[in-house]
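Data block below; observations after.
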Amino acid sequence: MLADAQHLDNQDALKSMRAAFALPPGIIYLDGNSLGPLPIVARERALEVTAGQWGTDLITSWNKHQWIDLPIICGEQIAPIIGAGPDQVVCCDSISVNLFKVLSAALAMQGDRKKVITTEDNFPTDIYTVEGLQGQLGPDRCELIKVAEEDIEHSLDDSVAVLLVTQVNFRSGKMLDMQALTKAAHKKGIMVVWDLAHSAGAVPVELDAYYADFAVGCTYKYLNGGPGAPAFIYVAKRHQAHFQQPLSGWMGHAAPFAFDNRYVPAQSIRQNLSGTPPVLSMSVLNAALTLWADIDMAHVRAKSVALSEFFLAALKNLGLDDELRCIAPLIAGERGSQLAFRHAHSYAICQAWIDAGVIADFRAPDILRIGFAPLYLSFTDLWQACEKLKEVMEKKAYLGEKYQRKLAVT
Ligand SMILES: *Cc1c(COP(=O)(O)O)cnc(C)c1O
């Protein structure tokens, strides 16, 4: 299969993008769905923003280097990647904080309705955020209801205020139909909040075309913004006049530097800002996002599907497909840009594979997760990774003592 891999690499429309990343030699990185690798322009910007801007121009940099506009600038860079027109995306805080803002605002827009429906296997922070809001507003104004993914549609009726869904399941990789669910929810007067953590930069998303209401997402996964890079929030233009997020801070004020003691929200997406933006990480993100300027998401999707199909074929070719049970949908159109496998020793296998030079990740309780980031991964990488996995499995290297102890971050 090595020859097949090389052939696919030769035909790869995105192959020139690999050179834009500082990938450590000898490592195959299959975890770009958890922390994207370092783009070379981001490394350069980190130096420039510290030594050159902060170190030289000090506070004048807020104007001189447009620090004050970074949340908006980064938002506008993300917008085309998720199918959003201008003035609807801003970069700030984390997904968790942005969920709190958007869920509070959406509930307030829904009058007497109080139910928030989400999936029982959603990413925990999404569930915790609704629970926190329920604790604060009281059960009469916010009621969390968790349903199975396959029951979402049946659970939508006109007593529901908000549907909160993650498009691509972080464990299984299963992708929900954003257009169909948004439409079904709107028929019942329900507003939808989409979590795009595993979608932005991974699959084509068309927020405006699907008439989406709200979305949140992070930038440190497929968008390669760096560890803890700020998240984003999307509020459809048609909702902005009625939308009021509760973390009203000076950066979301119509005129922050008027230092007016009366809060007047900015009449724009900027209202979603609360405090001072983290300039260092946002500058690095701004640089990392320049990589996407000429990227066609259709190419990204086509390569993502081809990579994951190749990986499955390689596992089969090496006789590993029985032992590693794939829990991601086998139909490529039904999954995001990742695969997931069950094995009783997943954690130890992942650790032994890392020692062999291949970084994937483990998700409790027993899942080995493989992310396919089309900007820098090659088919040859995947073949080599599978050969190394075969060695780990055959020699049962993962049974070694040192692979059994779980580290703080898995
Ligand atoms: C990664 C991830 C998050 C992360 O949330 P933060 O608050 O930005 O740390 C949230 N939701 C989903 C679905 C994720 O995969």
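Computed from heavy atoms alone, side chains included, the values below leave out hydrogens, waters and symmetry copies. Note that ligands are numbered from 1 as they come in the structure, with each ligand's atoms numbered from 1 the same way.
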Next on the checklist: For Asp12, is there an ion pair with Lys303 - N to carboxylate O distance below 4.0 angstrom?
Outcome noted: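 Looking at Lys303 and Asp12, the cut-off is met.
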Next on the checklist: Salt bridge check, Asp366 against Arg342: does any charged N sit closer than 4.0 Å to a carboxylate O?
Outcome noted: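 Yes, charged N to carboxylate O under 4.0 Å.
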Atom pairs, nitrogen or oxygen, ligand 1 to protein, under 3.5 angstrom:
unit_1	atom_1	unit_2	atom_2	d
ligand 1	7 (O)	Ile95	N	3.4
ligand 1	7 (O)	Ser96	N	2.8
ligand 1	7 (O)	Ser96	OG	2.5
ligand 1	8 (O)	Ile95	N	3.0
ligand 1	9 (O)	Tyr220	OH	3.3
ligand 1	11 (N)	Asp126	OD1	3.2
ligand 1	11 (N)	Asp195	OD2	2.8
ligand 1	15 (O)	His198	NE2	2.9
ligand 1	15 (O)	Lys221	NZ	2.6

Checklist entry - Residues two or more places apart in sequence or in another chain: which of them pass salt bridge (charged side-chain N to carboxylate O under 4.0 Å, His left out) with Arg262? => result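 Testing Arg262 for salt bridge (charged side-chain N to carboxylate O under 4.0 Å, His left out), a comparison that skips the adjacent residues, returns Asp260.
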Only pairs under 3.5 Å count here: list side-chain donor-acceptor contacts from residues 200-214, not counting sequence neighbours, and write none if there are none.
unit_1	atom_1	unit_2	atom_2	d
Asp208	OD1	Gln88	NE2	3.2
Asp208	OD1	Tyr234	OH	2.8
Asp208	OD2	Gly85	N	2.5
Asp208	OD2	Gln88	NE2	3.2
Asp213	OD1	His186	NE2	3.3
Asp213	OD1	Arg238	NH2	3.0
Asp213	OD1	His239	NE2	2.7
Asp213	OD2	His186	NE2	2.7
Asp213	OD2	Val192	N	2.9

Next on the checklist: Are Tyr376 and Phe21, when compared by the centres of their aromatic rings, separated by less than 6.0 Å?
Outcome noted: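 For Tyr376 and Phe21, the ring centres are under 6.0 Å apart.
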Item to check | For Phe310, ring pair (Phe, Tyr, Trp, His ring centres under 6.0 Å) partners two or more places apart | outcome: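 Only Phe379 meet the ring pair (Phe, Tyr, Trp, His ring centres under 6.0 Å) criterion with Phe310.
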